[in-house]
Amino acid sequence: MDRTSWLDTAVDGIRFGPDRKAVRAELEGHIEDKTADLQRIFPDIPEGEARERALAGMGDPEELKISLAKIHKPWLGYLWRVSQVLAAGALGVFLFLCVFKNDYYQSAGFPLWMDWTAHFATPAEVSPEKARVGDFTFEIVEAVWLEDRDEYLLTLRASSPRFWEQLNDQALYDGLTGVTPDGARCSMQRLASEQPAGTVHLARWGLFHREFGVYIPAGERTGEDWVTLELDAPQGSFALSALVTEEVAEP
Amino acid sequence: MLTLIWGLAGYPLPTAELEFRRLERTHLLPQSEIVFSNGARSEGRRVSKSDGSVFALDGTELYLRGRFVADAREEWAVLACLDRSYNSFIREVPLDGGPVLAPLVPHNWYLDTNGYWVTEGPGETPEGEPAYVYEYHNFSAFLLFGAPEETVRAELTVRDGGVERTGGGWALENGLWLLGVEDEETRVRDRDRVSEIPYTLRLYDAADTLLAERSGRLWEDGDTSSVSG
């Protein structure tokens, strides 16, 4: 029996195609190794005879066929393939949902990014451009006057390369003060109160940043208003100012 | 993929100390040397896996429900409970050179029974049979900063819901004390919020001379930041 016929007979009982192919390749490798060993031990032996002896040493292909068929059940192979497809599919769906529908995961945990608030104009000028407190970099990324509320809205971004550490809201609220162009100072309150004060809410976030909308009562406007946000925290402080020129109606 | 899963789980960190440092950074609090952490590994007579223990200088193992970490410098300390629950908090504790008491609960909560120690030895079952008995002694826990070095005994009295509760304490490393008032069977609705509870603290030396006395209301100096779970 030649090598091809021997191999065809030995793997004929394996019904799952990929397994049959893999086992055939392995058996072929064993035959090659045996042939090479014989040629090494008996250098004078012709190659054809070495191959025949190697094949004879592999045993009866019919008996091997029965043993291999018992081990390689087709349903196991199909189950493995199906599980691979399902796992790949689940990963794909998961990634799709994470990229396009991230906010749906709020009930499961904390979504990695959210952006469902309206975007407003960037400030005409800022001074300074950025400030740093601890591991966080702060900058004013939006600045408008809301005409229906008579309030300035400044969006303060806090960013950090440590995406696993997000600025705590309360720490910001406790230390933040808004200063209007006429010098009036207002601390921040999370809920509306009878006394004039600013309010802050988390507007949007991404992996490396959080943006807070800071609402400050406007008072007397001149058309070119420098509004300042001051933060006084145990770890440090800053004062960031933005020039508000844009007037909008909040959607 | 792993980052997404880590993020959906809330970015857990492997040790309580790392979690504590993260809390400090995200709350814009400066860091200093950690002086207290109830993460001692022991054979454990703990009630729950989430309970951590600390050893007093006299060898008593003291258990606290939850993980607490504190660091301190000259003018203030930072104390945090790291549980991902309503009881989690981080708080600055101003230090003024004298003894300063810090309850191990948020300011807007009640004085929970959150500590215990265990005694064991020969005893008997309720039916009178001889047995080896473990007895759990519960208390509401406080951390004491700034106790004088000569302190050998502490006496704390609080008035909670009209009921007076007293207790002592144990000296720990780094000059800290863990104080505890005994647990009474008081219904929740009879208890006061921690920030409304008056207390009196007395510290004595080896000759039983009064070294320091302080009274006031617990968590008197304002809000505690809550940590979302």
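From a predicted model like this one, the values you see are computed outputs, not experimental measurements. Per chain, numbering begins at 1; letters A, B, ... match sequence-line order.
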inquiry  = Quick check for you: to the nearest 0.5 Å, what is the distance between A:Trp164 atom CH2 and B:Leu13 atom CG?
reply    = 8.5 Å
task = Step through the shown structure and confirm whether more than 12 heavy atoms of other residues, nucleotides or ligands are within 6.0 Å of CD on A:Gln84.
result = yes
query = Which bit of A:Leu231 comes within less than 4.5 Å of chain B, counting heavy atoms only: side chain, backbone, both or neither?
reply = side chain
message = Is any side-chain heavy atom of B:Arg25 closer than 4.5 Å to one of A:Arg162?
response = yes
inquiry  = With a sphere of 6.0 Å drawn around CD of B:Glu173, does it hold more than 12 non-hydrogen atoms of other residues, nucleotides or ligands?
reply    = no
inquiry  = For B:Glu213, is the CD atom crowded, meaning more than 12 foreign heavy atoms sit under 6.0 Å from it?
reply    = yes
request  = Write down the atom of A:Pro234, the atom of B:Glu92, and the distance for their closest heavy-atom approach.
outcome  = CG-OE1, 3.4 Å
inquiry  = Is A:Phe163 close to chain B through its backbone or its side chain, or both, or neither, when contacts mean heavy atoms under 4.5 Å?
reply    = both
ask   = How many angstroms lie between CG in B:Leu28 and CD in A:Gln170, if you round to the nearest 0.5 Å?
value = 12.0 Å
key: Separation of B:Glu24 CD from A:Glu165 CD (nearest 0.5 Å)   = 11.0 Å
key: Residue pair A:Gln166 / B:Tyr11, side-chain heavy-atom distance below 4.5 Å   = no
